[in-house]
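This report refers to the structure that appears directly beneath it.
Just so it is clear, the structure is predicted and the values come from calculations on it, not from any experiment.
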Amino acid sequence: QLQASGGGLVQAGGSLRLSCAASGRTFSLYGMGWFRQAPGKEREFVAAIRWSGDFTYYADSVKGRFTISRDNAKNTMYLQMNSLKPEDTAVYLCAKGRHGSGSRSLDDYDYWGQGTLVTVSS
């Protein structure tokens, strides 16, 4: 089970940190990812991280502004979001990968959290 938290309302240029807490004993074995879905739009990839935390992947739209990380001892993944823009407004969802490596593809994820809403005002 995955529980995302940390969303909220922030002004453009502000920051938020999202967390994704996982239950179970196998968190450290799998790649994890963050995706987002804005109203009326398809779910899109944001960032992913390998099981070990040593490889990360980002969508071009967030590269340089967002940082994904994980703490396997705490079964938790994070997404630090800086320099937020109104176009970052969406429900952010965390997901567990089918494999140890991270992935940009939705099809490579098999468990999804319920999402947390991020709203960036201009």
Side-chain angles (χ1 to χ4, degrees):
Q1 188 175 5
L2 301 174
Q3 182 76 34
S5 61
L9 174 64
V10 64
Q11 289 188 331
S15 298
L16 282 175
R17 188 174 85 151
L18 306 184
S19 298
C20 176
S23 60
R25 302 179 181 179
T26 61
F27 174 81
S28 62
L29 300 180
Y30 296 97
M32 297 289 295
W34 286 101
F35 291 77
R36 66 187 182 187
Q37 189 163 16
K41 294 188 176 182
E42 294 186 351
R43 190 169 297 184
E44 65 174 3
F45 169 76
V46 175
I49 188 167
R50 191 179 178 188
W51 67 272
S52 54
D54 55 352
F55 283 93
T56 57
Y57 313 82
Y58 295 95
D60 289 344
S61 59
V62 307
K63 197 173 295 182
R65 300 188 297 122
F66 291 10
T67 302
I68 189 172
S69 61
R70 65 190 296 164
D71 185 338
N72 287 342
K74 296 182 178 180
N75 275 16
T76 304
M77 174 179 67
Y78 305 97
L79 185 68
Q80 178 67 43
M81 306 187 295
N82 299 330
S83 302
L84 283 161
K85 304 175 181 180
E87 51 263 45
D88 293 319
T89 295
V91 173
Y92 283 71
L93 306 103
C94 58
K96 169 194 160 293
R98 299 179 188 275
H99 311 290
S101 59
S103 172
R104 300 172 184 271
S105 173
L106 276 75
D107 292 339
D108 288 334
Y109 294 85
D110 54 6
Y111 285 98
W112 295 80
Q114 86 293 351
T116 185
L117 176 62
V118 172
T119 304
V120 184
S121 63
S122 57

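Across Leu106 and Phe35, no two heavy atoms sit closer than the pair CD1-CE2, 3.4 Å. Of all the heavy atoms in Gly115 and Val91, the pair that sits closest is CA-CG1, 3.8 Å. Residues Leu9 and Ser121 share a closest heavy-atom pair of CD1-CB, 4.4 Å. Of all the heavy atoms in Met77 and Gly33, the pair that sits closest is CE-O, 3.4 Å. The two atoms that bring Ala90 and Ala38 nearest to each other are CB-N, 3.8 Å, heavy atoms only.
With a 6.0 Å cutoff to the six-membered ring centre and a 45° limit on the axis angle, Arg98 does not count as a cation-pi contact of Tyr30. Under the 6.0 Å distance and 45° angle rule, Arg70 does not count as a cation-pi partner of Trp51.
The structure places CZ of Phe66 at 11.5 Å from CD1 of Ile68, a figure rounded to the nearest 0.5 Å. Atom OG of Ser52 sits about 8.5 Å away from atom CG of Asn72, to the nearest 0.5 Å. Thr67 contributes atom OG1, which lies 11.5 Å from atom CZ of Arg17 (distance to the nearest 0.5 angstrom). Atom OG1 of residue Thr116 and atom CD of residue Gln3 lie 9.0 Å apart, to the nearest 0.5 angstrom. Here Ser19 contributes atom OG and Gln80 contributes atom CD; the two are 9.5 Å apart, rounded to the nearest 0.5 Å.
Under the 4.5 Å side-chain heavy-atom criterion for ILVMFWY residues, a single connected hydrophobic cluster contains both Val120 and Val46.
Of the possible donor and acceptor atoms, none in the side chain of Arg50 sits under 3.5 Å from a partner among the backbone N and O of Tyr57. Side chain of Tyr58 to backbone of Ala48: no donor-acceptor contact under 3.5 angstrom is found. Checking side-chain atoms of Ser105 against main-chain N and O of Ser103 turns up no donor-acceptor pair under 3.5 Å.
Exactly one of Leu18, Val62, Val10 qualifies for a side-chain contact (heavy atoms from CB on, under 4.5 Å) with Met81. That residue is Leu18. For the side-chain contact (heavy atoms from CB on, under 4.5 Å) test with Arg36, the passing option among Leu79, Leu93, Asp88 is Asp88; the others fail.
Side chains of Ser15 and Asn82: a donor on one and an acceptor on the other come within 3.5 Å.
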Exercise for review: Let me see the working for Leu117 and Tyr92 under side-chain contact (heavy atoms from CB on, under 4.5 Å), right down to the final yes or no.
Suggested key: CA-CA 6 Å; Leu117 176 62; Tyr92 283 71; over 6 Å; no

Practice item. Apply the test side-chain contact (heavy atoms from CB on, under 4.5 Å) to residues Leu16 and Val118: give CA-CA distance (whole Å), side-chain angles for both, the deciding distance (0.1 Å), then the verdict. Key: CA-CA 9 Å; Leu16 282 175; Val118 172; 3.9 Å; yes

Exercise for review: Check step by step if side-chain contact (heavy atoms from CB on, under 4.5 Å) holds for Trp112 and Arg43.
Suggested key: CA-CA 12 Å; Trp112 295 80; Arg43 190 169 297 184; 3.4 Å; yes

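The closest side-chain heavy-atom distance from Phe55 to Ser101 is not below 4.5 Å. For the pair Met32/Tyr111, no side-chain contact is recorded, criterion being any heavy-atom separation below 4.5 Å from C-beta on. In this structure the side chain of Asp71 never reaches within 4.5 angstrom of the side chain of Phe27, judged on heavy atoms.
Ring to ring, Phe45 and Trp34 are not that close: their centroids are 6.0 angstrom or more apart.
Classification of Asp60 and Lys63 as a salt-bridged pair holds, one side-chain N sitting under 4.0 Å from a carboxylate O.
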